[in-house]
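A short worksheet on the structure shown next.
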Amino acid sequence: HTPTQLIQDNFSELTDFTIGYYIDRTEQMSFEQIEKQAFQESPNSISLGDSAKTTWAKIELKNTTSNATTVYLHHPYAYHNRGVDLYEVVDGKLTRKRLLDMDDKSTQEWMYRGSAVFDIQLGPNQEKTLFVKSWSFSHQWFSLNLYGENESKRALLGQFTDIALLVGMLLALIVYNFLLFLSSRLKEHLYYSCYLISGGFWIALSYGLLADLFNIYGSMAFKWHLSLVSMPIFLLLFMMDIFETKKKHRIEHWALASILILLMVNFLYGLFDIVNALKIASPLASAMMLVSFSVSISMFIKKHVIARFFLIGHILFLIFSTRALLFYNGKVEFNYLNSHGVGLGIVLEALVLSLIIAYRIRAIKSLKETQTELRLQASTDPLTLLFNRRYFSIAANQELKESQGSLCIAIIDIDHFKQVNDVYGHTAGDKVIIKTADIFRAQAKKQDILARYGGEEFIILMPNTTLDDALTQIENIRTTIENEKMNIGLKHSLSIRISAGISEISPRKIDLDDAINQADKALYNAKNNGRNQTQVYKTNQ
Ligand SMILES: Nc1nc2c(ncn2[C@@H]2O[C@H](COP(=O)(O)OP(=O)(O)OP(=O)(O)O)[C@@H](O)[C@H]2O)c(=O)[nH]1
């Protein structure tokens with residue numbers, strides 16, 4: 001016998017009470033047969049597994065007031081049923097019957113944004129027995145609640161805020177990763193986005209957000225549960241891409257690829273027979289978890305830094321989805337964490353995996369920095385830290401292409417440098433080269449391109465400079481060096497002299513090599529002319 005629920009004056013709500021249930025395993029018993037069965041006592045929220053597709057609930061009601069009243073019976077998870085039927089019995093007689101079929105629009109007047117809501121009229125002091133047939137696609141779980149008019153409206157408001165929040169978080173990640181994909185063209189962002197889309201869609205579908213917003217339910221919606229199969233497909237592709245298994249880890253690659261193929265086959269099969277495909281999906285998902293978990297451990301052992309994110313993500317998903325699996329099969333209590341386990345697991349795993357994306361962006365950034373550093377090293381002379389000859393050619397040619405005005409080029413050579421080496425040693429020679437380079441650097445203009453051209457030879461390209469200006473500039477440098485008492489750690493300081501040759505490049509008239517040859521000729525003249533001077537190239541030379 002099911003205990004009677006008393007409806008008193010100012011009735012507000014009953015959300016925790018006792019009902020009776022009966023599982024019709026034949027799935028075709030008539031109401032008359034059902035009425036005669038013994039019902040099992042149970043809380044008003046219940047999960048019974050997948051062998052209880054057709055389950056009847058029984059609620060005894062008594063209006064204890066002397067006024068007629070209306071209460072509202074809510075079935076908040078109606079959206080993922082095939083149908084919900086309500087039979088009302090007074091004094092052993094069937095007085096009203098409502099058959100709500102999720103695939104038949106004409107029967108859906110009691111559906112309100114995913115919930116089934118039935119008004120129950122109770123006369124003064126009247127007793128009524130309600131029989132609710134919950135007819136599910138696979139697993140049976142439902143909740144039945146009773147409300148007064150105002151509480152009924154309130155219960156329907158904001159019912160899916162939590163789910164909207166979960167889906168919203170995933171949506172933000174989806175957009176972000178898709179933008180990352182567009183800017184980087186890295187496939188990992190695309191796979192991760194698709195994984196998030198599948199997960200987010202499944203959550204919106206399974207926890208009623210799509211029913212709430214778009215009235216999507218019934219067998220049409222049931223098909224879309226295949227998103228639970230496409231999610232691990234994209235997760236596997238993401239893993240293969242991130243760990244570069246195809247190139248670097250053959251065994252792991254084949255383990256992931258095999259389970260990927262099975263999932264894809266099941267996905268295709270699901271397009272034709274969703275009920276059976278979803279039955280296979282469960283063990284397949286467990287196998288997939290086992291494989292991807294093992295691969296993550298193997299990567300962890302191989303010291304792949306990203307593996308720990310997969311491990312943490314997988315563990316979180318495993319904990320929550322295991323609870324959900326036990327819940328769907330009626331093995332653990334009906335509470336929020338259990339009934340929403342898969343969704344929470346998906347969101348937590350997705351958030352942890354998003355750390356991978358952050359990590360990868362950081363790794364790519366430091367790779368770029370290393371490349372810049374290498375490029376810099378390749379273009380610099382290690383002794384003086386001036387540009388080297390190779391880089392000078394590239395930079396000077398670029399400048400020639402872009403420059404409109406007059407440019408000058410100067411080649412500068414230290415006089416009798418061999419003697420410095422011979423008298424004070426090669427190390428002292430090096431120091432002289434460094435000090436001379438420092439003076440060049442200090443005296444050169446910002447726009448000048450300055451390089452070490454050979455052993456004790458330097459070159460300067462001076463953009464937007466006339467021959468006169470160039471001569472003044474180089475002469476300034478020469479006299480500065482001449483007057484410099486170079487201290488290179490010897491007992492006495494050294495005085496150094498330089499000779500220089502300058503030539504003018506009017507853009508497009510001659511190329512860089514010709515200009516360098518001309519400057520070289522002028523330098524030769526300076527050396528021949530007694531050194532310690534600057535010569536300008538003249539056409540008759
Ligand atoms: N210490 C040192 N010596 C170098 C380096 N590169 C070239 N040299 C030396 O620089 C000297 C250049 O000598 P030369 O080209 O004969 O001319 P010079 O003695 O400078 O005389 P002039 O140029 O004719 O005034 C050689 O002895 C080279 O060995 C270097 O990086 N360090």
Side-chain angles (χ1 to χ4, degrees), residues 373-396 408-444 448-462 467 470-504 512-538 541:
E373 176 65 27
L374 282 175
R375 224 176 289 137
L376 196 71
Q377 279 178 17
S379 60
T380 345
D381 162 52
L383 186 72
T384 59
L385 300 182
L386 295 180
F387 289 132
N388 58 23
R389 186 178 185 138
R390 196 183 69 93
Y391 181 78
F392 177 81
S393 298
I394 299 170
C408 286
I409 208 157
I411 298 184
I412 303 161
D413 187 283
I414 304 176
D415 292 339
H416 299 305
F417 184 69
K418 193 172 176 304
Q419 286 176 16
V420 178
N421 273 339
D422 291 350
V423 178
Y424 305 105
H426 206 267
T427 314
D430 278 359
K431 285 182 184 162
V432 168
I433 292 177
I434 294 171
K435 293 250 171 189
T436 313
D438 288 344
I439 295 171
F440 285 142
R441 201 180 350 247
Q443 300 265 327
D448 296 346
I449 300 171
L450 170 65
R452 185 178 179 202
Y453 204 59
E456 20 74 86
E457 224 177 22
F458 301 87
I459 193 162
I460 309 182
L461 180 81
M462 294 162 278
L467 205 51
L471 183 59
T472 316
Q473 189 180 336
I474 300 299
E475 270 297 289
N476 279 340
I477 295 177
R478 192 188 61 73
T479 48
T480 309
I481 290 178
E482 187 180 10
N483 297 328
E484 174 86 10
K485 301 264 173 286
M486 251 182 221
N487 186 354
I488 53 162
L490 299 172
K491 284 194 191 104
H492 55 88
S493 59
L494 279 186
S495 286
I496 294 298
R497 310 269 184 273
I498 58 167
S499 299
I502 307 180
S503 79
E504 190 182 20
L512 185 69
D513 289 341
D514 289 340
I516 291 173
N517 281 336
Q518 293 177 355
D520 220 20
K521 277 185 188 149
L523 171 64
Y524 180 80
N525 283 346
K527 292 272 181 188
N528 269 352
N529 225 22
R531 297 185 172 81
N532 192 25
Q533 58 187 268
T534 308
Q535 288 287 336
V536 170
Y537 174 79
K538 294 184 194 83
Q541 275 172 322

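Remember, it's a predicted structure, so these values are computed and weren't measured experimentally. Order of listing sets the numbers, starting from 1, for every ligand and every atom in it.
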Any idea which protein heavy atom is nearest [atom], and the distance to it?
atom	answer
atom 32 (N) of ligand 1	D430 OD1, 2.7 Å
atom 17 (O) of ligand 1	E456 OE1, 4.2 Å
atom 27 (O) of ligand 1	K418 CG, 3.6 Å
atom 24 (O) of ligand 1	R531 NH2, 3.1 Å
atom 7 (C) of ligand 1	G455 CA, 3.6 Å
atom 31 (O) of ligand 1	R452 NH2, 2.8 Å

Task: Test item, K431 contacting ligand 1 (heavy atom, 4.0 angstrom) - done: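 No heavy atom of K431 comes that close to ligand 1.
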At a non-hydrogen distance cut-off of under 4.0 Å, which region of [X] contacts ligand 1 (side chain, backbone, both, or neither)?
X	result
N421	side chain
V420	neither
Q419	neither
T427	neither

TODO: Take S499 and D413, measure what side-chain hydrogen bond (donor to acceptor under 3.5 Å, both in side chains) needs, and give me the verdict at the end.
DONE: CA-CA 5 Å; S499 299; D413 187 283; over 6 Å; no
Residue [X] vicinity, atoms of ligand 1 by number, heavy atom under 4.0 Å:
X	result
G429	1 (N)
K527	22 (P), 23 (O), 25 (O)
D413	23 (O)

Looking only at distances, please establish whether an N/O atom of ligand 1 is found under 3.5 Å from an N/O atom of [X].
X	value
F417	yes
D415	no
I414	yes

Side chains of residues 483-493: which donor-acceptor partners sit under 3.5 Å, not counting sequence neighbours?
{"residue": "N483", "atom": "ND2", "partner": "T479", "partner atom": "O", "Å": "3.1"}
{"residue": "N487", "atom": "OD1", "partner": "G489", "partner atom": "N", "Å": "3.1"}

For the residue pair [X] and [Y], establish whether any side-chain heavy-atom pair is separated by less than 4.5 Å.
X	Y	value
I477	F440	yes
I498	F458	no
T436	I412	no
F392	L461	yes

Task: Counterpart residues, salt bridge (Lys or Arg N to Asp or Glu O under 4.0 Å), relative to R441 (two or more places apart) - done: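 Here the qualifying residues are D438.
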Open item on the list: Using side-chain contact (heavy atoms from CB on, under 4.5 Å), reason through Q473 and M462 one step at a time and then give a plain yes or no.
Closed with: CA-CA 10 Å; Q473 189 180 336; M462 294 162 278; 3.6 Å; yes
Open item on the list: Can you check atom 21 (O) of ligand 1: any protein non-hydrogen atom closer than 4.0 Å?
Closed with: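 Yes, because at least one protein heavy atom sits under 4.0 Å from atom 21 (O) of ligand 1.
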Open item on the list: Is it the case that the side chain of D381 and the backbone of A451 share a donor-acceptor pair, with hydrogens and angles ignored and the cut-off at 3.5 Å?
Closed with: no
- [ ] Before giving the answer on side-chain contact (heavy atoms from CB on, under 4.5 Å), spell out for R452 and I433 the whole-Å C-alpha distance, their side-chain angles and the decisive distance to 0.1 Å.
- [x] CA-CA 10 Å; R452 185 178 179 202; I433 292 177; 3.6 Å; yes
- [ ] Take L523 and E457, measure what side-chain contact (heavy atoms from CB on, under 4.5 Å) needs, and give me the verdict at the end.
- [x] CA-CA 11 Å; L523 171 64; E457 224 177 22; 3.9 Å; yes
